[in-house]
Amino acid sequence: MNIKENLRTIQQDIKEACSRSNRQADDVHVIAVTKYVSDETTKKAIEAGVKHIGENRAEAGLAKKEAVKEQATWHFIGSLQSRKVKQVIHEFDYFHSLDRLSLAKEFQKQAEVGETIHCFVQVNVSGEDSKAGVHPDELLSFMKQLEAFPAVHVVGLMTMAPFTDRPEETRPVFSGLRKLRDEVMLLQLPYAPCTELSMGMSNDYVVAIEEGATFIRIGTALVGNEATSN
């Protein structure tokens, strides 16, 4: 697994996708999803130039962050139980799965005075029962209700598209999230500038970028999957 080479390939894909969609490549940030790789591989990813690390399990993510001890921006990208907020709130820089008011309430409860918790609101654009997220029709109402939790700062929206071998099929999901983001921005909520879009993974990130992704979450295509290589 040559992470440097993989990163170069992804960066070239970003450059080309941004050129096609009249965007700046610097606007797209690569999050290395390290759930299925070792602490050592995570270190190598950072050494190769990766600046953002994503974990989706509380205990495992905290253990990896402690072991790696490298400078990076840490993203919690999985579903988060309210009872585990206390463990992770001060250890991760971004949370990608705010999908219910009870979670926002717990963020508020555990936040220190004056602290800002940077969140993405997860939206279930595809409508799949297996996926979490706010229903698109309920998003604007949900965003307005977040005003009750001043510690919560919504930087953007997140979604997951259905897995498919034909990435083009994911385009309506990503364009749908972008349109929802634009609707939220029109509200001009001071606590929810909502400028970012977290969408796209190893199999569909190029389409996601063409539709406006600013954070792409890449696991296998960047750092591999050591859980299946043993």
If every non-hydrogen atom of [X] is compared with every non-hydrogen atom of [Y], which pair is closest and at what distance?
{"X": "Val223", "Y": "Val37", "result": "O-CG1, 3.5 Å"}
{"X": "Val152", "Y": "Cys119", "result": "CG1-SG, 4.2 Å"}
{"X": "Leu103", "Y": "Ser97", "result": "CD2-O, 3.7 Å"}
{"X": "Ile3", "Y": "Ala48", "result": "CG2-CB, 4.0 Å"}
{"X": "Met143", "Y": "Val121", "result": "SD-CG2, 3.8 Å"}
{"X": "Gly200", "Y": "Ala208", "result": "CA-CB, 3.5 Å"}

task = Look at the aromatic rings of Phe120 and His96 and report parallel, tilted or perpendicular, splitting at 30° and 60°.
result =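 It falls in the parallel class, under 30°.
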message = Does the plane of the ring in Trp74 sit parallel, tilted or perpendicular to the ring in Phe92? Use 30° and 60° as the thresholds.
response = perpendicular
Determine yes or no for a side-chain-to-main-chain donor-acceptor pair under 3.5 angstrom, with [X] supplying the side chain and [Y] the backbone.
{"X": "Glu115", "Y": "Ala151", "answer": "no"}
{"X": "Arg23", "Y": "Ala213", "answer": "yes"}
{"X": "Thr170", "Y": "Pro167", "answer": "yes"}
{"X": "Asn124", "Y": "Glu128", "answer": "yes"}
{"X": "Glu226", "Y": "Ser38", "answer": "yes"}
{"X": "Ser202", "Y": "Ala221", "answer": "yes"}

For residues [X] and [Y], determine if any side-chain heavy atom of one lies less than 4.5 Å from a side-chain heavy atom of the other.
{"X": "His75", "Y": "Glu55", "answer": "no"}
{"X": "Val85", "Y": "Leu80", "answer": "yes"}
{"X": "Val50", "Y": "Leu222", "answer": "yes"}
{"X": "His90", "Y": "Glu112", "answer": "yes"}
{"X": "Val123", "Y": "Pro136", "answer": "yes"}
{"X": "Ser21", "Y": "Glu211", "answer": "no"}
{"X": "Leu62", "Y": "Val88", "answer": "yes"}
{"X": "Val68", "Y": "Ile46", "answer": "yes"}

key: Test log, rule side chain to side chain contact (heavy atoms under 4.5 Å, CB included), inputs Lys44 and Glu40   = CA-CA 6 Å; Lys44 289 180 180 178; Glu40 187 59 34; 4.0 Å; yes
Identify whether the distance between the nearest side-chain nitrogen and carboxylate oxygen of [X] and [Y] falls below 4.0 Å.
{"X": "Glu168", "Y": "Arg171", "result": "yes"}
{"X": "Glu66", "Y": "Lys69", "result": "yes"}
{"X": "Glu70", "Y": "Lys43", "result": "no"}

key: Test log, rule side chain to side chain contact (heavy atoms under 4.5 Å, CB included), inputs Thr195 and Thr214   = CA-CA 9 Å; Thr195 56; Thr214 59; over 6 Å; no
Hydrophobic cluster membership, [X] vs [Y], 4.5 Å side-chain cutoff:
{"X": "Ile209", "Y": "Met158", "value": "no"}
{"X": "Val33", "Y": "Phe76", "value": "no"}
{"X": "Val155", "Y": "Ile89", "value": "no"}
{"X": "Ile31", "Y": "Leu177", "value": "no"}
{"X": "Tyr94", "Y": "Val28", "value": "no"}

Counting only heavy atoms not in [X] (residues, nucleotides, ligands), do more than 12 fall under 6.0 Å from its [atom1]?
{"X": "Tyr36", "atom1": "OH", "value": "no"}
{"X": "Glu147", "atom1": "CD", "value": "no"}
{"X": "Lys35", "atom1": "NZ", "value": "yes"}
{"X": "Lys84", "atom1": "NZ", "value": "yes"}

task = Output, in order, the C-alpha distance, side-chain angles, deciding distance and verdict of ring-ring contact (aromatic ring centres under 6.0 Å, His included) for Phe149 and Tyr191.
result = CA-CA 9 Å; Phe149 311 103; Tyr191 55 87; 9.6 Å; no
To the nearest 0.5 Å, what is the distance between [atom1] on [X] and [atom2] on [Y]?
{"X": "Glu16", "Y": "Glu210", "atom1": "CD", "atom2": "CD", "result": "10.5 Å"}
{"X": "Glu169", "Y": "Ser126", "atom1": "CD", "atom2": "OG", "result": "13.0 Å"}
{"X": "Leu197", "Y": "Asp27", "atom1": "CG", "atom2": "CG", "result": "11.5 Å"}
{"X": "Ile218", "Y": "Thr34", "atom1": "CD1", "atom2": "OG1", "result": "13.0 Å"}
{"X": "Ile77", "Y": "Ser198", "atom1": "CD1", "atom2": "OG", "result": "8.0 Å"}
{"X": "Arg217", "Y": "Tyr205", "atom1": "CZ", "atom2": "OH", "result": "14.5 Å"}

message = Pair Val206, Arg20 - check side chain to side chain contact (heavy atoms under 4.5 Å, CB included), show working.
response = CA-CA 11 Å; Val206 171; Arg20 289 192 295 272; 3.3 Å; yes
task = Under the ring-ring contact (aromatic ring centres under 6.0 Å, His included) rule, what do His52 and Phe215 come out as? Steps first, then yes or no, please.
result = CA-CA 9 Å; His52 300 266; Phe215 285 87; 5.7 Å; yes
task = Give the C-alpha distance, both sets of side-chain angles, the deciding distance and a yes or no for side chain to side chain contact (heavy atoms under 4.5 Å, CB included) between Met199 and Ile216.
result = CA-CA 5 Å; Met199 59 188 194; Ile216 54 176; over 6 Å; no
